[in-house]
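Worksheet for the structure shown next.
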Number of protein chains: 2
Amino acid sequence: MNQTMEKDKTDKKDHILDVAEKVFAELGYDGASTRLISGEAGVNMAMLNYYFGSKEGVFLAIFERRIATFQSSLLAIGNDDTANTWDKLDMYVDSYVERVVNNNCFHIMLNREISKSKKTDMTDQITTIIMKNVTVFQDIIATGIKTGEFNKDVDQQLLVATIFGTKNYLINTPHISSRVIGYDVMEQDNQEKLLKPRLKTYLKKLLKAYLQN
Amino acid sequence: MNQTMEKDKTDKKDHILDVAEKVFAELGYDGASTRLISGEAGVNMAMLNYYFGSKEGVFLAIFERRIATFQSSLLAIGNDDTANTWDKLDMYVDSYVERVVNNNCFHIMLNREISKSKKTDMTDQITTIIMKNVTVFQDIIATGIKTGEFNKDVDQQLLVATIFGTKNYLINTPHISSRVIGYDVMEQDNQEKLLKPRLKTYLKKLLKAYLQN
DNA sequence: TTAAATTAATCAATCGTTTGATTAATTTTG
DNA sequence: CAAAATTAATCAAACGATTGATTAATTTAA
């Protein structure tokens, strides 16, 4: 009894966060009103404040919910010492593409807010999270260079911009990228069958071309 | 007399647009209020509507002002038939990096609005503009493949995502990219002496590694 | 003097949030 | 067990603040 009640409540909060995440991705944080979010979610407006305290609380709740899975999948790669660095790099690309495309609404929302050049509490928090992801990638590259597997004459830091930037371009500017690659990148079927495998293959090939001796 | 008057008026309008561009980049379109923009520009709030009709009018005016130089520099490269395709590619990278870094506030503003996944008049207009830039790059790649200068086994379309995505990452997420590359990418001195030459060199090298046979 | 430029004051609309009341569910008490 | 007390969830209504926009009055310039 108590269990099902708790379950229902969590489901409801999760449902609100699902909808909010989508609306934030569509209209941006400032452009999405609490009225619209609550309306789309089919709940009373006051429930947002009751559950999450404030509009920013909703935003942060979306955040915290995604972080959990985020962190664990990163650790898995970082701690795997069996693979050589090239394999590790491939694993990272696979995991990263999978994760980002699956949570594309979240990443659109994320990148929209971090692109505000004015520094705020929100941009600071987002920066911290994203940097953890970046560091794992940087460590792999640094290791490969140290072991001599990768060409030492590469720009490690701009390579970060390339890998994450390529992904951002496809996911965060769907109107543009859909025109460029010829199909709707926001449609889930296209993402699974076309975008994911293609992006994985491409990024690995690009890294190989640039990093090999 | 009339000339100086016209000049002064144009200067004032330009000044408002300069400030608005910066504020839009800092806070986003929705986050930037007309009161703040007019305050920062040191003019009465009503002047925005007097000059540009509406807040959206200010946004579009910023747009139109940048488009002119935008288009002309694109044509220059497209029409140059003397160079071989590799040289043309280098020229494009130089021109592109120069243009984007110089107008970084504009591009931050631009990409924030195009990243709204909901289709609007604004996203349509922005898409049209950006696609012109993309097409020039795509034509160069297509030519190089046709002439056999470039490897034919490349993903032309995702390469677009890489070139423009790398730039976007550096310019549009300054909090992140500044941490990654170690200095403030928004500071003009850093942009001129460090970022521009480095990015030009890097992009050419990356393209060469991926495109060569 | 007349048209253009600029201002302060004001507008309706919308924003995020809070309120007090109501219902439903749970716990406590006799 | 059953009545009473307590808690949690939900709602419509309204809050003060801020939004973009407009007005009417005033100043400036030709």
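Numbered from 1 within each chain, the chains take letters A, B, ... in sequence-line order. Since this is a predicted model, take the numbers as computed values, not measurements. Because only heavy atoms are used, hydrogens play no part in the values below, and waters and symmetry mates are left out as well, while side chains stay in.
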So, are B:Asp14 and B:Arg65 salt-bridged, with charged N and O less than 4.0 Å apart? yes
Here the distance between atom P of C:dA4 and atom CE of B:Met47, to the nearest Å, is 13 Å
Separation of D:dA9 P from A:Lys12 NZ (nearest whole Å): 10 Å
Between D:dT18 atom C1' and A:Asp30 atom CG, what is the distance in whole Å? 13 Å
Whole angstrom is fine here: how far is it from CD1 in A:Ile16 over to P in D:dA9? 11 Å
Of A:Arg35 and A:Asn44, whose nearest nucleotide on DNA chain D comes first from the 5' end? A:Asn44
CE of A:Met45 versus P of D:dA14: gap in Å, rounded? 13 Å
Closest-nucleotide ordering on DNA chain C, the 5'-leading residue of A:Ala46 and A:Gly31: A:Gly31
Is any side-chain N of the basic residue among B:Lys116 and B:Asp30 closer than 4.0 Å to the acidic one's carboxylate O? yes
Without decimals, in angstroms, what is the distance between B:Tyr51 OH and C:dA5 C1'? 7 Å
N/O (side chain, B:Ser33) to phosphate O (OP1/OP2, D:dT19) under 4.0 Å: yes
From CD1 of A:Ile37 across to P of C:dT17 the rounded distance in Å is 10 Å
Answer yes or no: are there more than 12 heavy-atom neighbours, outside A:Glu98 itself, under 6.0 Å from its atom CD? yes
Give a yes/no answer on whether the side chain of A:Tyr50 brings an N or O atom under 4.0 Å of OP1 or OP2 in D:dA8. no
Between B:Glu40 and B:Lys22, is the closest basic N to carboxylate O distance under 4.0 Å? no
Give the rounded distance in Å between these two atoms: CG of B:Asn49 and P of C:dA4. 19 Å
By the 4.0 Å heavy-atom rule, please label A:Thr34 as base, sugar-phosphate, or nothing. base
